[in-house]
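Some notes on the structure that comes next.
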Amino acid sequence: MRLTGITGTGSGKLGSAVFSVSAGQQVVRQYQPIVTNPSTPQQVDNRAKLKLLSQLSAVMADVIAIPRNGALTPRNIFVKDNYPLVTAENGAASVNLAQLAIT
């Protein structure tokens with residue numbers, strides 16, 4: 001924990017308060033001891049889709065010919081453009097490789 005005073009900046013946890021700096025402003029919020037990561041069927045399927053596209057983009061990095069668009073990298077654009085083509089059920093994702101947009 002780092003704390004420099006009431007008028008300074010601090011970070012860390014003190015009792016039930018969590019101190020942090022966001023956009024240059026001191027922020028104090030209540031500590032949330034129970035943070036859940038629900039595994040709903042939709043969330044499991046979405047994670048499977050993203051995992052498949054991420055693996056494909058890593059393997060196909062040399063053939064993906066998508067120009068950078070501002071802050072988006074070619075890999076991010078590949079995932080964004082091809083996400084609707086991926087189907088998933090019960091955490092298993094699949095895609096028709098012939099339909100993938102790589103340029």
Side-chain angles (χ1 to χ4, degrees):
M1 164 135 173
R2 178 176 59 88
L3 189 61
T4 60
I6 294 175
T7 59
T9 60
S11 64
K13 180 178 173 277
L14 180 63
S16 65
V18 177
F19 297 85
S20 63
V21 178
S22 178
Q25 298 291 320
Q26 179 73 53
V27 178
V28 181
R29 58 184 168 79
Q30 185 176 358
Y31 176 65
Q32 300 295 323
I34 302 173
V35 178
T36 60
N37 189 6
S39 292
T40 63
Q42 183 180 5
Q43 198 171 29
V44 170
D45 289 346
N46 286 337
R47 288 179 180 153
K49 288 179 178 184
L50 289 173
K51 180 179 179 181
L52 175 64
L53 285 172
S54 181
Q55 290 170 340
L56 283 172
S57 66
V59 170
M60 298 171 55
D62 294 335
V63 297
I64 295 174
I66 301 173
R68 189 177 188 100
N69 181 7
L72 295 177
T73 65
R75 186 173 179 162
N76 288 349
I77 296 169
F78 172 83
V79 171
K80 181 182 122 201
D81 290 347
N82 291 299
Y83 185 84
L85 303 174
V86 181
T87 58
E89 188 173 339
N90 299 325
S94 62
V95 66
N96 182 347
L97 295 177
Q99 295 178 328
L100 288 179
I102 58 173
T103 59

Item to check | Exercise: identify the closest heavy-atom pair between R47 and S39 | outcome: NH1-OG, 4.1 Å
Next on the checklist: So, taking the atom named CD1 in I77 and the one named CG in N69, what distance separates them when rounded to the nearest 0.5 Å?
Outcome noted: 5.0 Å
What pairs with [X] under side chain to side chain contact (heavy atoms under 4.5 Å, CB included), at least two apart in sequence or on another chain?
X	answer
Q99	L85, N96
Q42	T40, N46
S20	V27
N76	L72, T73

Next on the checklist: When you compare the side chain of L56 with that of V95, does any pair of heavy atoms fall below 4.5 Å?
Outcome noted: yes
Checklist entry - For the hydrophobic clusters of this structure (ILVMFWY residues joined by side-chain heavy atoms under 4.5 Å, transitively), does one cluster hold both V44 and L50? => result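 Different clusters.
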Checklist entry - Which other residues end up in the same hydrophobic cluster as V18, if Ile, Leu, Val, Met, Phe, Trp and Tyr are linked when side-chain heavy atoms come under 4.5 Å apart? => result Y31
Item to check | Set of side chain to side chain donor-acceptor pair (under 3.5 Å) partners for R29, sequence neighbours left out | outcome: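 R29: no side chain to side chain donor-acceptor pair (under 3.5 Å) contacts found.
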Sequence neighbours left out, cut at 3.5 Å: what donor-acceptor pairs do the side chains of residues 57-67 make with other protein atoms?
from	atom 1	to	atom 2	distance (Å)
S57	OG	L53	O	3.2
S57	OG	S54	O	2.9
S57	OG	R75	NE	2.9

Checklist entry - Under the 3.5 angstrom rule, does the side chain of K13 hit a backbone N or O of G15 as a donor-acceptor pair? => result yes
Which pairs of donor and acceptor atoms, one on a side chain in residues 86-93, lie under 3.5 Å apart (sequence neighbours left out)?
from	atom 1	to	atom 2	distance (Å)
T87	OG1	S94	O	3.4
T87	OG1	S94	OG	3.1

